[in-house]
Amino acid sequence: MTVTYSSKVANATFFGFHRLLLKWKGSIYKLLYREFIVFATLYTAISVLYRFFLTGSQKRFFEKLSIYCDKYAEQIPVTFVLGFYVTLVVNRWWNQFVNLPWPDRLMFLISSCVQGRDEYGRLIRRTLMRYVNLTSLLIFRSVSTAVYKRFPTMDHVVGAGFMTRHERKIFDDLKSPHLKYWVPFVWFGNLASKARNEGRIRDSVDLQTLMNEMNKFRSWCSLLFGYDWVGIPLVYTQVVTLAVYTFFFACLIGRQFLDTDQGYQGHDLDLYVPIFTLLQFFFYAGWLKVAEQLINPFGEDDDDFETNWCIDRNLQVSLLAVDEMHMNLPRMERDIYWN
Amino acid sequence: MTVTYSSKVANATFFGFHRLLLKWKGSIYKLLYREFIVFATLYTAISVLYRFFLTGSQKRFFEKLSIYCDKYAEQIPVTFVLGFYVTLVVNRWWNQFVNLPWPDRLMFLISSCVQGRDEYGRLIRRTLMRYVNLTSLLIFRSVSTAVYKRFPTMDHVVGAGFMTRHERKIFDDLKSPHLKYWVPFVWFGNLASKARNEGRIRDSVDLQTLMNEMNKFRSWCSLLFGYDWVGIPLVYTQVVTLAVYTFFFACLIGRQFLDTDQGYQGHDLDLYVPIFTLLQFFFYAGWLKVAEQLINPFGEDDDDFETNWCIDRNLQVSLLAVDEMHMNLPRMERDIYWN
Amino acid sequence: MTVTYSSKVANATFFGFHRLLLKWKGSIYKLLYREFIVFATLYTAISVLYRFFLTGSQKRFFEKLSIYCDKYAEQIPVTFVLGFYVTLVVNRWWNQFVNLPWPDRLMFLISSCVQGRDEYGRLIRRTLMRYVNLTSLLIFRSVSTAVYKRFPTMDHVVGAGFMTRHERKIFDDLKSPHLKYWVPFVWFGNLASKARNEGRIRDSVDLQTLMNEMNKFRSWCSLLFGYDWVGIPLVYTQVVTLAVYTFFFACLIGRQFLDTDQGYQGHDLDLYVPIFTLLQFFFYAGWLKVAEQLINPFGEDDDDFETNWCIDRNLQVSLLAVDEMHMNLPRMERDIYWN
Amino acid sequence: MTVTYSSKVANATFFGFHRLLLKWKGSIYKLLYREFIVFATLYTAISVLYRFFLTGSQKRFFEKLSIYCDKYAEQIPVTFVLGFYVTLVVNRWWNQFVNLPWPDRLMFLISSCVQGRDEYGRLIRRTLMRYVNLTSLLIFRSVSTAVYKRFPTMDHVVGAGFMTRHERKIFDDLKSPHLKYWVPFVWFGNLASKARNEGRIRDSVDLQTLMNEMNKFRSWCSLLFGYDWVGIPLVYTQVVTLAVYTFFFACLIGRQFLDTDQGYQGHDLDLYVPIFTLLQFFFYAGWLKVAEQLINPFGEDDDDFETNWCIDRNLQVSLLAVDEMHMNLPRMERDIYWN
Amino acid sequence: MTVTYSSKVANATFFGFHRLLLKWKGSIYKLLYREFIVFATLYTAISVLYRFFLTGSQKRFFEKLSIYCDKYAEQIPVTFVLGFYVTLVVNRWWNQFVNLPWPDRLMFLISSCVQGRDEYGRLIRRTLMRYVNLTSLLIFRSVSTAVYKRFPTMDHVVGAGFMTRHERKIFDDLKSPHLKYWVPFVWFGNLASKARNEGRIRDSVDLQTLMNEMNKFRSWCSLLFGYDWVGIPLVYTQVVTLAVYTFFFACLIGRQFLDTDQGYQGHDLDLYVPIFTLLQFFFYAGWLKVAEQLINPFGEDDDDFETNWCIDRNLQVSLLAVDEMHMNLPRMERDIYWN
């Protein structure tokens, strides 16, 4: 479920964001505590090894190694690489959100343009709306693991009422080696055209507005599919991951507190707990986690889109709008500002 | 209320921006003075502790700690993280502004396309316009704390004349577990379709232009809702806040003036007041405040959007345009450049 | 007046941009010479003070202070802050330019869709066009200081022929506490609708194309208004200004040439004129000036948009196109490539 | 074939991205192992030369050279240059993906707007659809090496059924020194207009919707062509390549382990294997490879778009939709939520 | 002519980009060799002066000056400034490319919507098309030096067949102090309206589709004009140029090899040829050249748009499409996948 905190930050107040630091759900702590434990354990192990088990000359070698690692850790440009990469990921994530297919625009049009309160009229409107919902379901099954779990086979799709048995038969009979999520749209177009011939849709202007809207819906669907199909190139993700992991690997050795008696520059204090390195861990690893969470927003993370909820809401609302509410207008009366 | 200063910077003049530094309302000083006092107090407390209460060896330890902190404070890439983050926040904020739903486009169309100066015509136009305003009000109630305070219940919405009692009843009777802000749009579509059947709207071209415009309005509404619902991932905000807070925590200790007699490099001057660190505080904390102010522009900050004003303006103006001004044209006469 | 130099850089040539360095109008020198004089004078004053008036121990203190300032000057991330901020300002500025309302699209449509070469037809076309120009004038009066100076009252608007006396009376009679720049558009819509009823506009397709185009024009107008109303948050501008001013303040002291005999690191040369600091001044202050110039492009800077010229051009050209040129076609003849 | 890994990163898990580090196909290792071997070999060769073959004074000279190279290697801003450049390349790559011409929108319209289940109707629909596919094929032949290999001559295009012999003759007879990929669109427009005259397309609204959609398709095609024709300026690519190569050239000498007995600063450890330099190689060269892979996404890289697959899919699916499926609707029946 | 190299980088191969380093046309070498010679000559002159002509104390002074210059050269943030600036220039350049006015969309519509294969019908279609080409020519004359050279006067425009003598007379008779490139569009609109009245264009739907497309074409034209008229503010370009030139000026002195006997830090090696400084020159100056080449893409650089070629192509192709090809359809026959 998406973690919404905007009401908490409506006003800029005294240390306004500090309250956000104390949340658990969807927080950096929840996402990172396991990695943090691993990192801290490794750091401690190396520290113990250095302090208690190494001989004098081994210590001297380790100290040189530590300084060498620290020097290179500073040269790794983790900030920029993460900055550019996370910007890319966040943009893709938001574009996926604004391209989620909502049937609302279509349902307004179908409700107002497809005439007839008799059963046949209702049937046309409900069927058109069902085709729209069916397509988005087929797309969501491809891109979202949560939806796929809920509808593992076409039987489940039929069972949930998105498709009739007869439609499924025709769907299966279509011979094509390619994905068939576009099929309900062809039905939609043909059914709308038929309704136009039968006078249920008044004229071509109404029909083409519907078709146009349907094509917009299709574009959202195929864009979602595209985002899933063609991700950020693997190499880019690997480069960023490699940079961050290398940095932390270098930190494990390079940020050890060395024997203050040896007089190495910048090593005249032994705090035992490398507080700033641990904060840096939260900081950089947290930034990478942002990318990890958003790179596929159709999983089951705390911050992922609730696709199953969308599917239910869309079917329920759209059938309500085109059937029960069709031409079911409140009585018009003068508003309180009349004259 | 939005703080407008563009007229003050119309021309680039001698030290043009310096005048902006002296404003109070919506300024960095007003936003930050409390945090600044806290920071300065803590800094002073530590300074006093170091100078007067620590023993000699404690002082030596503190000095090492201070140098250690200073070294890491410089390594924290606050600038970049804030740069990338604030850019993201500012873009979202501006997109929310340009997607504020204004009914002007719809009111021009309704005024010119829905015929009839008789009461029934007036009723249709006013009712259509009211549905539009009602939807934007329902959305604003969800996203804006200021609007929610003004209209805490649907009774207030009815009381303010956005909805009639009868409409409210139908609205409440609709059984749906989901938000119902789309309901007035279904009414709008059906009422427009009815007006078309009754000849109040001439033909499908006029009708579809209206429907199209209404769908644009709906998209603005749902985009606003989306920005509120799916914010910047919490982890990202936490990462940035953590980086800035860590930096200032490190500065509190690391930027103390140390005993000049100890001969630490870069510590041969004691100014008592760490002027540049305080400026850096204004600078970085101010940048974070930019994000804090803009991350939810529907609160009650000095710089937030005046949604309550919008709601009043839209209702007043749109009813005026579709009713009193309908077909109320000035006499046409030759302009002064005629021939 | 906009400074156009694109023809000077049409080809990439030997040291191609150096010619631009020698321009005066709209140049960095013209914008900055006053600030530069102030900066140079202060620098010189401090330098003279240090060299001739301070006692030995005061000199030693000043030298420490200078080194301290220099150290912090280097830590202020002026480049990034300016980079992110100027990018934001430049984007806003360009968006304002591409959203300047030009009536050309409307005038083509009115000229070809509103029929009749008789006086009544001319009157309709000219009046429609005048309403369009009137709206953009009302908007420009709000956002541009130059236009406001030229049209300080509505009398000037009437006097310049954008409005008739009768229209002004109706305009003033509308009771609304809000801005009324949308009023001419309601007239436009109603007049177009009337022309449609009278057969001057053939059918709803022509009418709606006009209305659609008019709504586009309105969107440009309201976007311009929005850019003026909701500027870059004051805090952001203050943060950037503060960073740049702090930097130069630190430079004034930190970049002094210190006594070479004292052997401070990096201070073994006394050039008297801090050539690179002065260049840095041009460089950073110039970058800030870019922002200052563009943050409100409707002032009277060398590089601001020539709104008064736009208003004249638009009225003159659009009346010409819808009146004198209406159906005034050149004789069609075979072109030279015929067969 | 595009490398899809989004399902692997659906959820943010414990060290979520580490699994991606172990993939081979489309990975950084597969792309870089040859360059890595060259780099490592050169490094080793220089190392061996320095350790075993140089005389004492030659060693001293080499050591100075190494320190000199190392100093400048750090000054080369590879990170930023790559950051800005890769951002540009990735944006172009994604824009090319979203502008791939898919005929789906057109096939829905043709299927629902072009009437007649008789042979003549089928012929019109199939021919229209074929023209659309033909154009995208002509464009893909220009931009994609893979498609060009498959269709080296127009004979192959005719052979694959995208064009009839007669069409090819007319196509070849058109005298024009310019590319002729627009020709099928003129046929499309004229054929649609003919169908309108013969009543196969009901009215101008249907016709213009088709034409409009066809023009969208054309825009995608010409945009793809534009991306191929006008690439990122060669100079930019050369600048970036030069920066990266210079950096690695400097590293070859500057990152050698020098004789620890000479006491050079930062050279008191000899690890033989320059682990961080090798990681940096993967890191920077990998980032450049991202650009190399994406700069022309129509090649035969692991991550390139599968244009040949697209061509087959589009022809097969679109003919199916406009012919077999035309007005072939499933029986309408009540859905399970009826009442 | 645009330098196309995309086919050379279709696949990511072993050291894929190195081949690009060896191109001459449009390359960094061709653009920079003159500046490089100047820079190298100056460097050598200073080096010779220092080594052979200065006295001992002058040498000492020069050495201090060199170290001073080197220190400040490192502080100049050339990379970032260039990064932000070049990003801006590249975006503008690409937007200009995608907004080049192509008449293809209009020619499809005119060919299919303007009826009649008789001479009058041909005349209308050719004249409409000619007006479109005429407008783009008038715009190109304003923005492109290459086109202006080819058509220095309106006589050349008439001579090349874009305008008839009679049209020119009417064009010249229009009294307006402003640019008149919009005139042919008024003619276009009026001629289309006339054709509609005479039944050559079937109905308002066809007419308005044409008008709409024509307005899109006009927007491209005026956007091109806008890019030429309102360039990147001069100050910004000056700031960037100043930064780069200052950097190289500082390098000329600061990167000299100093007497190794003096024991200055980092100056214990004399290579005579400052290989990395020269590479940096190519690198930074090349990046600036990218901007210089792209800031006005309508010149005669290797990488500029071939506007003259566009003008010829557009006229030739568009007349072909609306005249010879009008309703000249290939015989329809069954394709090879029929059943």
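The figures that follow rest on heavy atoms only: side chains count, while hydrogens, waters and symmetry mates do not. Throughout, protein chains are lettered first and strands after them, A, B, ... in sequence-line order, and every chain is numbered starting at 1.
- Taking CG of D/N212 as the reference point, atom CZ of E/F108 lies at 13.0 Å (rounded to 0.5 Å).
- From D/L319, atom CG reaches atom CG of E/D335 across 6.0 Å, with rounding to the nearest 0.5 Å.
- Not one N or O on the side chain of E/D268 forms a donor-acceptor pair closer than 3.5 Å with the backbone of D/K64.
- Note on E/R334 versus D/E119: salt bridge recorded, some NZ/NE/NH1/NH2 to OD/OE distance being below 4.0 Å.
- For the residue pair E/R105/D/S219, the side-chain donor-acceptor check at 3.5 Å is satisfied.
- Heavy atoms closer than 4.5 Å to chain D are found in the side chain of E/V86, but not in its backbone.
- Closest non-hydrogen pair, E/D203 versus D/S204, comes out as OD2-OG, 2.7 Å.
- The CH2 atom of D/W182 sits 9.0 Å away from the OG atom of E/S318 when rounded to the nearest 0.5 Å.
- Atoms NE2 and CG, from D/H166 and E/L329 in turn, are 9.5 Å apart once rounded to the nearest 0.5 Å.
- Distance alone, capped at 3.5 Å, is enough to place a donor-acceptor pair between the D/R126 side chain and the E/Y337 backbone.
- Between E/F305 and D/W229, the gap from one ring centroid to the other reaches at least 6.0 Å.
- The side-chain tip of D/R218 does not point at the ring of E/W102 from less than 6.0 angstrom away and within 45° of straight on.
- Between E/F276 and D/Y72, the ring-plane angle classifies as parallel under the 30° and 60° cut-offs.
- For the atom pair OG1 (D/T246) and CD (E/Q280), the distance works out to 9.5 Å, reported to the nearest 0.5 Å.
- Note that CD of D/Q208 is 6.5 Å distant from OG of E/S112, once rounded to the nearest 0.5 Å.
- Of the residues considered (D/T127, D/L174, D/L123), D/L123 shows the highest number of contacts with chain E, using heavy-atom pairs under 4.5 Å.
- The closest donor-acceptor contact from the side chain of D/Q238 to the backbone of E/I28 lies under 3.5 Å.
- Interface summary for chain D: among E/W287, E/W338, E/F84, the most heavy-atom pairs under 4.5 angstrom belong to E/W338.
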